[in-house]
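A, B, ... follow the sequence lines: proteins, then strands. Residue 1 opens every chain.
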2 protein chains.
Amino acid sequence: MQLSATSQYAIRILVYMAGEKDSQSINAAELAETLLIPYKFLAKIMTSLVKVGLVESTRGKEGGYKLKKKASDIMVGDILDAFHESIKDEQCILGIGFCNGLCKCALHDQWMEPKFLLQKMFRESSLEDIAGRGCKR
Amino acid sequence: MQLSATSQYAIRILVYMAGEKDSQSINAAELAETLLIPYKFLAKIMTSLVKVGLVESTRGKEGGYKLKKKASDIMVGDILDAFHESIKDEQCILGIGFCNGLCKCALHDQWMEPKFLLQKMFRESSLEDIAGRGCKR
DNA sequence: TGCAATTACTACTTCAAGGTAGAATTTAAA
DNA sequence: TTTAAATTCTACCTTGAAGTAGTAATTGCA
Ligand code: SF4
Ligand code: SF4
């Protein structure tokens, strides 16, 4: 019952980038070192984030990564989407599927509420909301 | 962001057993067939449930499985515990760890609430509460 | 131009979860 | 006592996520 390592890394990376001076690019080595993420794995994640349009990259000397949108416009949910890990409305806690209220087991209603809160949290929390506070890793 | 297949299977198995006539044992073949769980994998799960004391088994002809406690005394959380998948208080949504309120990022407080609801749901839902309603699989 | 720094690509390895196969063990009943 | 039905054990296979390695492509700068 937790996010994949990939998603967790991605969130931490983008939050860190949002906390840095704008219009200044950060390279993979610095990210890997300060965030304690394996360099090569981070590089792979960064490429995904570039492909999905959350980050822009410049190669070569003086190159690196920059957020492609304002930190206030990147939601945690966008990041989870990139790795197909956002929570769907029909997701069932027992993995059965989508009774959609027709046949409700006792867990159904109880799962609705935390599920909704998680969706809301992911949908409404932007990088700006998170950056600058809490754990710096 | 979901339970492991093993835990989901285990919950469904025990809920089904709770819905059957008491003091009557059910064998692995029937469980596998009605719940659409691979037979051999189910057998493995059952052995775990026996070892952890939620189920008792009798081997040989006429054998099978029975709940070891009343359905109202087996909580979903007990099942998750058996597979080390219950949600710890200090579980962090970013996998960093346990800031314990000292350094709170913006996700910290928002994660607290759904986490609490999930813990409550797992802790307070018994098999009896679930059995007999909803999807029969 | 050439070099060094950087991301991107391709392919592999490792690890854990999920799943399978077959034989050993136990038991009730014929 | 034999046999068939059942669980249990041990060992393996498969799949996907996590992580690694090496090289190609790109770019700024000396
Ligand atoms: S009724 Fe229960 S099993 Fe069916 S979708 Fe809802 S939570 Fe899942
Ligand atoms: S402050 Fe944020 S990163 Fe730290 S434990 Fe809480 S949720 Fe996790």
Using atom [atom1] of [X] as one end and atom [atom2] of [N] as the other, report the distance to the nearest whole Å.
| X | N | atom1 | atom2 | result |
| --- | --- | --- | --- | --- |
| B:E56 | D:dT8 | CD | P | 11 Å |
| A:Q8 | D:dG19 | CD | P | 11 Å |
| A:I37 | D:dA17 | CD1 | P | 18 Å |
| B:E85 | C:dA17 | CD | C1' | 11 Å |
| A:F83 | D:dG19 | CZ | P | 13 Å |
| A:M46 | C:dT7 | CE | P | 8 Å |
| A:I13 | D:dA18 | CD1 | C1' | 14 Å |
| B:L42 | C:dG18 | CG | P | 14 Å |

Check this one for me: any side-chain N or O of [X] less than 4.0 Å away from OP1 or OP2 of [N]?
| X | N | value |
| --- | --- | --- |
| A:S4 | D:dA17 | no |
| A:S57 | C:dT6 | no |
| B:T6 | C:dG18 | yes |
| A:K51 | C:dC9 | yes |

Is any N or O donor-acceptor pair between the side chain of [X] and the base of [N] shorter than 3.5 Å?
| X | N | value |
| --- | --- | --- |
| B:R59 | C:dT25 | yes |
| B:K40 | C:dG18 | no |
| B:K44 | C:dG18 | no |

| message | Is the shortest side-chain heavy-atom distance between B:M121 and B:V76 below 4.5 Å? | response |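 Contact flag for B:M121/B:V76 side chains = no.
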Of the options [options], whose atoms approach the side-chain atoms of [X] most closely?
| X | options | result |
| --- | --- | --- |
| B:A43 | C:dT27, C:dG22, D:dT8 | D:dT8 |
| B:T47 | C:dT20, C:dA4, D:dC9 | D:dC9 |
| B:E62 | C:dT7, D:dG19, C:dA29 | C:dA29 |
| A:N27 | D:dC9, C:dT7, D:dG19 | C:dT7 |
| A:P38 | C:dT20, C:dA5, D:dT20 | D:dT20 |

| said: Assess whether a salt bridge exists between B:E56 and B:K68, defined as any Lys/Arg side-chain N lying under 4.0 Å from an Asp/Glu carboxylate O. | reply: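 Salt bridge: no.
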Contact class for [X] vs. all strands (heavy atom < 4.0 Å): base, sugar-phosphate, or nothing?
| X | result |
| --- | --- |
| B:Y9 | sugar-phosphate |
| A:Y39 | base |
| B:A28 | sugar-phosphate |

| task | Would you mind telling me which of B:K69, B:M17, B:M46 makes a side-chain contact (heavy atoms from CB on, under 4.5 Å) with B:L54? | result |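 With B:L54 as partner, B:K69, B:M17, B:M46 yield a single side-chain contact (heavy atoms from CB on, under 4.5 Å), made by B:K69.
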| request: Using only heavy-atom distances, determine whether the side chains of B:E30 and B:Y16 contain a donor-acceptor pair under 3.5 Å. | output: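 Yes, a side-chain donor-acceptor pair sits under 3.5 Å.
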| Donor + acceptor pair across side chains of B:N27, B:E62 (<3.5 Å) |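 Distance-only check fails for B:N27 and B:E62.
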| query | When you match A:A5 and B:K61 each to their closest nucleotide on DNA chain D, which lands nearer the 5' end? | reply |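 Mapping each residue to its closest nucleotide by heavy atoms, the 5'-most match is B:K61.
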| task | Taking all non-hydrogen atoms of both residues into account, name the closest pair between B:A29 and B:Y39 and its distance. | result |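 Taking every non-hydrogen atom into account, N-CE1, 3.8 Å.
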